[in-house]
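A short worksheet on the structure shown next.
On a predicted model such as this, the values are computed, not experimentally measured, just so you know. These values consider heavy atoms only, across backbone and side chains, with no hydrogens, waters or symmetry-generated copies.
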Amino acid sequence: MTYSVAVSGASGYAGGEILRLLADHPEFEVRTVTAHSNAGQSLVAVQPHLRSYTHLTLRETNAETLAGHDLVFLALPHGTSGAVAAELSADTLVIDCGADHRLESSEAWASFYGGEHHGAWAYGVPELPRLSGTQRERLTGARRIAAPGCNASTVALSLAPGIRAGVIEDVDLVSVLAVGPSGAGKSLRTNLLASEILGSANPYAVGGTHRHIPEIQQALRWAGAAAPTISFTPVLVPMSRGILATSAARIVPGTDAATVRAAWEDAYAGELFVQLLPEGQFPRTADVQGANTALIGLAIDEAAGRVVVVAAVDNLVKGTAGAAIQSANIALGLAESTGLPLNGVAP
């Protein structure tokens, strides 16, 4: 069966990456692409790398244009997809790549985003460990899915196995991330200019202000954390895409190193797209570029009594577009890996 697809926000980074991956998906046919200021232009005029879509023209983003498709991807700015989604048929599978439907807590939404809270949809990180099973079970048959924040899912995948197994404490968690600026979107901002980024590492949203913090805490609560606290600091670095997240957590006293490592081995045993590297090995962002893969390395800092988890993802693939398509595959009963690259691009 072929499913008809519409992609909104197709002129942006997330929308463009969704389209790049969908070009090789045997079951999904992209019929409509939409944008805001770029509406009326050909898709390849603003996404010149997407040569298989020379026949498509960007249309206005509205519910009328998006209606009538089997599957709709909303790659819109935060705060704008909720109203559009509310007008789409309940029978349509809608994947929101913005933040509008990620958070269960209206209070957290008000504190970190503001504006109307549109409620939570099924969270699109299939491998995420929960107290019972994984997030995958909650995606089967879903018709509304919230793709994750790229930083949030990377940290959650890093720490949830230890929380679920009870081998790390859920307080005093620390994560520092090296991130590429494509995660901030395509809009023009002074702090994202090449002249500001090249040759420099630039921290931002320091001191507990980043919008992904409540999303991380929510995922860790699903894994069994009572009231998780985390110090989360992202740092912009001069690479166009990628996240390298280094997270540290206190080991529960009396837990030996083998038991700690076993928590991550058990969580990701048999997973195709989330892989724990052999002991002593740690990932690089280059290893996952272009792939729907999260690679994780783990070390025990015995002197500090902490586990250190290093995770690498491509923020535009596993962090956003790949997670969205992987979740759509599950929701529709397709093979989970359909149309998704396991291998990265090198050099």
Side-chain angles (χ1 to χ4, degrees), residues 1-35 38-39 41-59 61 65-76 81 84-85 88 92-98 122 124-126 139 142-148 150 153 182-183 185-186 241 272-273 288-293 313-345:
M1 176 177 178
T2 298
Y3 296 90
S4 60
V5 177
V7 178
S8 67
S11 59
Y13 288 140
E17 194 70 358
I18 291 168
L19 289 165
R20 183 181 74 86
L21 297 175
L22 289 179
D24 294 323
H25 198 296
E27 305 293 339
F28 294 162
E29 180 185 350
V30 178
R31 296 182 183 173
T32 302
V33 290
T34 77
N38 290 301
Q41 297 188 64
S42 67
L43 176 64
V44 293
V46 294
Q47 301 281 22
H49 62 298
L50 298 177
R51 304 314 301 178
S52 62
Y53 296 108
T54 55
H55 60 293
L56 292 179
T57 298
L58 293 163
R59 300 172 62 186
T61 298
T65 301
L66 298 173
H69 298 81
D70 300 312
L71 172 57
V72 174
F73 291 93
L74 301 174
L76 302 173
S81 59
V84 175
L88 297 176
T92 302
L93 174 56
V94 183
I95 315 289
D96 184 6
C97 295
V125 184
L139 295 169
R143 281 300 175 267
R144 295 292 188 270
I145 295 172
C150 53
S153 61
S182 59
K186 208 172 186 179
R241 57 168 76 201
L272 180 65
F273 292 121
V288 295
Q289 185 167 327
N292 190 52
T293 310
V313 305
D314 184 321
N315 60 293
L316 292 178
V317 188
K318 186 58 174 168
T320 305
I325 294 170
Q326 186 179 349
S327 298
N329 286 338
I330 295 170
L332 294 170
L334 303 175
E336 188 170 329
S337 61
T338 306
L340 294 171
L342 178 64
N343 299 315
V345 178

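- When every heavy atom of Leu74 is checked against every heavy atom of Ala85, the shortest pair comes out as CD1-CB, 3.9 Å.
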Starting from the C-alpha separation in whole Å, work towards a yes-or-no answer on side chain to side chain contact (heavy atoms under 4.5 Å, CB included) for Val288 and Lys318. CA-CA 9 Å; Val288 295; Lys318 186 58 174 168; over 6 Å; no

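- For the side chain to side chain contact (heavy atoms under 4.5 Å, CB included) with Phe28, the lone residue among Asp70, Leu21, Ile18, Leu332 that qualifies is Leu332.
- The minimum heavy-atom distance between Leu139 and Pro126, with the atom names listed, is CD1-CG, 3.8 Å.
- The side-chain heavy atoms of His69 and Thr32, taken from C-beta on, include a pair separated by under 4.5 Å.
- Considering OG of Ser52 and CG of Asp24, their distance stands at 7.5 Å, rounded to 0.5 Å.
- The minimum heavy-atom distance linking Gly124 with Ile145 is given by the pair CA-CG2, 4.0 Å.
- Minimum interatomic distance between Leu88 and Ala67 (heavy atoms only, all atoms of both residues): CD2-N, 4.2 Å.
- A 4.5 Å side-chain heavy-atom check between Leu71 and Glu27 finds every atom pair outside the cut-off.
- Put simply, the residue from Val84, Leu58, Leu66 that forms a side chain to side chain contact (heavy atoms under 4.5 Å, CB included) with Ser8 is Leu66.
- For the atom pair OG (Ser337) and CD1 (Ile330), the distance works out to 10.0 Å, reported to the nearest 0.5 Å.
- Side-chain atoms of Arg144 come within 3.5 Å of backbone atoms of Thr92 as a donor-acceptor pair (strictly under, hydrogens ignored).
- Proximity of Leu19 to Phe73: side-chain heavy atoms (C-beta onward) are nowhere separated by under 4.5 Å.
- In this model, no donor atom of one side chain and acceptor atom of the other lie less than 3.5 Å apart for Asn329 and Thr338.
- Here the closest heavy-atom approach between residue Ala142 and residue Ala122 is recorded as CB-CB, 4.4 Å.
- Remark: side-chain polar atoms of Thr320 are not paired, donor with acceptor, to backbone N or O of Val317 under 3.5 angstrom.
- Looking at heavy atoms from C-beta onward, Phe273 lies in side-chain contact with Gln326 at the 4.5 angstrom threshold.
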